[in-house]
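Chain A is the first sequence line, chain B the second, and so forth, proteins listed ahead of strands; every chain is numbered from 1.
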Amino acid sequence: MFFPISGAHISPIYLVVVGFFIGILGGFFGVGGSFIAGPALRAVGLDWNFAVGTDLAHIVGKSVVAAKRHRALGNVDLKLGLIMAVGTIGGAEVGAQLIQMLKRAGNVNLVVSVVSIAVYVSISSFMIWESRKTLRSKKGATAAPTTAAAKKHDPSSFAHVTRSIQRWKIWPMINLPASGVTISLWVILLVAFVGGLFSGFLGGGAGYIRMPSMVYVLGIPTHLAVGTDLFEIIISASYGTFSHAIKGNVDILIALVMHTGAAIGAQIGAISTQYFAGPKIRLAFVPLPLIGAAIVIYTLMTGHKL
Amino acid sequence: MKKETAKTLRAFLIELVIYAVLVVGYFFLVLHFLGESLYQLEIHHRYTYGVVAILLIIGQAVVLESVTTFLLRKLRGRSE
């Protein structure tokens, strides 16, 4: 199939299948899946600028489907999502500016690669340590939560640090009844800003850093963190799509075709979260950042982009 | 339990087949005709293209979500 905007010839079946698998990942983990979608689009000859912009547009559609499904399951904290969107957009702009600075310095590829490997490996290492410790401890519930109250009780071995962060009484304090948390606005904005910074700096929605941050720093139960992250991604990825579209980096036809697969995958992923407890979802999340790290290491060592 | 899983799987496979037929029709009827006008819009009116792109992807998401939910409900309902 010919896509006139990017001038690429890509099989629509390939796009639908890629979209389907990324949809499942997104629905289950609350991530955009850019670390797979970007290389998958690049692999069929799409230029990087189009791969990044088009992936963002596809993320918007996929997140709408998954967030709608999560909302029906009671997994979206709208108030938290809207506050986080503000911080994310600010962070994304700063991240993009950092990239421009590194471009001018002439070492953008090396710096971004090293930072991304360090971030991906750190997240995976920390999450594997925490979720395994929680699952082994007596308080680590392994059964899937069936009620809203059970979803709010999400055991974590890092809970003592989360509680001390929640005790910082820096005005204004924000009450989040849907998540069962009261926390300073500045902590929420900081977490969102850091997520946005990575999104602008490393590309994609940066769900791989925001979802764990919501669980471990803000103390949001895993199921709600997944759903709220998806809702927040709709806003921040829409902003990113518009920004890339006016720079000529979005082939919306490719995104629309990919999304037909993602729409059904996202539903399956979102429904599947009902059958797993929070620590198990976090443990299953571990390979995702490692896949991202492996792709970057491959690119660094061979000089070829996937 | 096994029977229930088999029923869910069968309903899901039927849904995939119906969905695939709908999507192929959609490719040929809608995306094929949209291609040229979106291409022109992207060349001449970038800001409008940005807005249209977001509206299109959100619109498709809402419609496909309704279609998949409708199919799942119908097929699950029939298999129960």
- Might you confirm whether atom CZ of Phe21(A) has over 12 heavy atoms from other residues, nucleotides or ligands at distances under 6.0 Å? no
- Message: Could you check whether atom CZ of Phe2(A) has more than 12 heavy atoms from other residues, nucleotides or ligands sitting under 6.0 Å from it?
- Response: yes
- Please flag which part of Lys62(A) lies under 4.5 Å from any non-hydrogen atom of chain B: side chain, backbone, both or neither. neither
- Winner by heavy-atom pair count (cut-off under 4.5 Å) against chain B, out of Val64(A), Val65(A), Val16(A): Val65(A)
- Task: Using the side-chain hydrogen bond (donor to acceptor under 3.5 Å, both in side chains) rule, collect all pairs that involve residues 17-26 of chain B, keeping only residues at least two apart or in two chains.
- Result: Tyr26(B)-Gln60(B)
- Message: For Lys247(A) versus Arg46(B), what's the shortest heavy-atom pair and its separation?
- Response: C-NH1, 3.9 Å
- Note on the structure: Whatever's closer than 4.5 Å to a heavy atom in chain A on Thr69(B) counts as both
- Message: Can you confirm whether Leu55(B) is buried at CG, in the sense that more than 12 heavy atoms of other residues, nucleotides or ligands lie under 6.0 Å from that atom?
- Response: yes
- Residues of residues 35-44 of chain B within contact distance of chain A, non-hydrogen under 4.5 Å: Gly35(B), Leu38(B), Tyr39(B), Glu42(B)
- So, the part of Val51(B) with a heavy atom under 4.5 Å from chain A: the answer is both
- Item | Max heavy-atom pair count under 4.5 Å with chain A, selected residue of Ala53(B), Ser66(B), Gly59(B), Ala20(B) | Ala53(B)
- Task: With chain B as the partner chain, list the residues of residues 230-246 of chain A whose heavy atoms fall under 4.5 Å from it, by residue number, and write 'none' if nothing qualifies.
- Result: Ser238(A), Thr241(A), Phe242(A), Ala245(A), Ile246(A)
- Item | Contact residues of residues 248-264 of chain A (partner chain B; heavy-atom separation under 4.5 angstrom) | Gly248(A), Val250(A), Asp251(A), Ile252(A), Leu253(A), Ala255(A), Leu256(A), Val257(A), His259(A), Thr260(A), Ala263(A), Ile264(A)
